[in-house]
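Not measured: the values here are computed from a predicted model. Remember, it's 1-based here, ligands and their atoms both numbered in the order they're listed.
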Amino acid sequence: MPATPKRPPIATLIERLHTAHPNPRYELDWETPLQLLVATILAAQCPDERVNRVTPALFAKYPDARAFAEADLSELEQDVKPTGFFRNKAKAIQGACQGLVARFGGEVPRTMAEMLTLPGVARKTANVVLTNAYQIPSGVIVDSHVARVSLRLGLTTQDRPERIEEDLMKLVPKDEWIAFGPAVVLHGRYTCKAKAPQCGACPLEDFCPKKGV
Ligand code: SF4
């Protein structure tokens, strides 16, 4: 029986992800860093498509950080209700926007340290905004897809997002961080699915140890 590789060759893995997802795009609709921040908060445990149905009216009603910061909270809750967990999400959006207005002139800052001062903003949300809106390689986006795929591929043995990200940042060259996260998200969404991974159609199959599959 052939030996199972301990860890996939990272350069090959990246090259094949590039081929499968040449322009990996986070599938939320947005036009400004603030809109991406709000959409990312709404996307927690909610499909991107549903978020994208809610945000056009939301962004028209609340055009800037001050509008979200000064919104009537119960009205904002109703506006984001279709995305689920609407009380927490409305509170997080308002808290983050109040922080933007109070400390950053209403603009979304450009560093991880500043992003993490915003209430309700953790590394994943900060990475989504910094890497997509500003093209700053602040880290590697780790959502549920990236966590699952990384574990199955043997890129990490950790289960906490911060620890998984640390492992990925050590393995993946920094100039690949921006594309790697969205590419793995797409790979997890369409191929390495949670319940039924499509290993037979997977471009990584020949070196994937399929841990936990
Ligand atoms: S071979 Fe299977 S488990 Fe491994 S990355 Fe591909 S779909 Fe996921």
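- In the hydrophobic clustering of ILVMFWY residues, with side-chain heavy atoms under 4.5 Å counting as a link, Leu28 and Phe85 come out apart.
- A 4.5 Å side-chain heavy-atom check between Arg103 and Glu114 finds every atom pair outside the cut-off.
- Ring planes of Tyr62 and Phe68: parallel class, angle under 30° (limits at 30 and 60°).
- Protein-derived N/O/S atoms nearer than 2.8 Å to atom 2 (Fe) of ligand 1 total 1, waters excluded.
- Other residues, nucleotides and ligands place more than 12 heavy atoms under 6.0 Å from the NZ atom of Lys61.
- In terms of protein heavy atoms, atom 5 (S) of ligand 1 is closest to His187 NE2, 3.6 Å.
- Between the Asp79 side chain and the Leu58 main chain, no donor and acceptor come within less than 3.5 Å of each other.
- Note on Tyr134: it clusters hydrophobically with Phe180, by side-chain heavy-atom contacts below 4.5 Å among ILVMFWY residues.
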